[in-house]
Structures are given as structure tokens and as C-alpha cells.
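Since the structure comes first, as C-alpha cells, the remarks are kept for the end.
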Amino acid sequence: MSRTPPFEFKNEGYNFYRYPDPESYAFNRLLRDFRDPALRRRYLDDPQGLVAEYELSDAEAAALATLDVDTCVEAGAHPLLAWTGCRMTARDRDATGS
């Protein structure tokens, strides 16, 4: 019977998860706040207004405009926040034809 070698702690961080940088806090906060349907509607009606309100960088605003999860993650979004925020907003956009 083969045995798995014991885990060797290296204090190098977790290999399968990248924490968002603190600079992307506002971007992640907006994605979290997209749980509110009224906020998603505001974004669909006036994306630049909400981008300015949350003080997103140009790169974050451009990524958010795509509503593509991978693009938002590359711009600094937390993967789960990007997935839920983008999917809910895209669903609302598609449902209303915005």
C-alpha cells in the first residue's frame, strides 16, 4: 500500500486562490452590491454614473462594461463576486433588452 507523504508547510500562500488587491476594493464592493436589483437597474440605465459613484478605475470600468467574469477577475475582481455580479446584471440586461 502506498502512503501519501505528509504535508510540508512552506508558508508561501495558498496556490489555488488569489486574494484581490486592496486597490480593487471599490470594484469588489460594487460587484457585491449588485445583489440589489435596483442597483443593477441603475447600472444598466447609467453605467458611467455608477462607475463615477464607486470611483472605479478606467480598467475596472472597461472590464465591468463587458460583464465577462474572466475579464473582471483580470481587472482585480474576486472570482465569486465577479461571477455573481456579472451574471445577475447580464440576466437583467437580457430580460429587459437593455
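Just so you know, these numbers come straight off a predicted model, no measurement behind them.
- The number of heavy atoms from other shown groups lying within 6.0 Å of CZ (R87) does not exceed 12.
- Y54 and D33 share a donor-acceptor pair across their side chains, judged by distance under 3.5 Å alone.
- Under the 4.5 Å side-chain criterion, counting only non-hydrogen atoms from C-beta, R91 is in contact with R40.
- Criterion: ILVMFWY side-chain heavy atoms under 4.5 Å apart, direct or through other members. Under it, L44 and F34 are part of a common hydrophobic cluster.
- Side-chain atoms of D21 never come within 3.5 Å of backbone atoms of E23 as a donor-acceptor pair (strictly under, hydrogens ignored).
- The shortest non-hydrogen separation linking A75 to E60 is O-CG, 4.0 Å.
- We find the CG-CE distance between L31 and M88 to be 9.0 Å, quoted to the nearest 0.5 Å.
- The two residues V73 and A82 make their nearest non-hydrogen contact at CG2-CB, 3.9 Å.
- A distance-only check finds a donor-acceptor pair linking the side chain of N28 to the backbone of G76 [under 3.5 Å].
- Side-chain contact between T84 and R35 is absent, with no heavy atoms from C-beta onward closer than 4.5 Å.
- For the pair L39 and Y43, the minimum side-chain heavy-atom distance is 4.5 Å or more.
- Taking CG of D92 as the start and CG of L67 as the end, the distance is 10.0 Å to the nearest 0.5 Å.
- A donor-acceptor pair under 3.5 Å is absent between the side-chain atoms of S24 and the main chain of F27, judged by distance alone.
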Apply side-chain contact (heavy atoms from CB on, under 4.5 Å) to residues L64 and T89 and explain how you reach the verdict. CA-CA 10 Å; L64 185 59; T89 307; over 6 Å; no
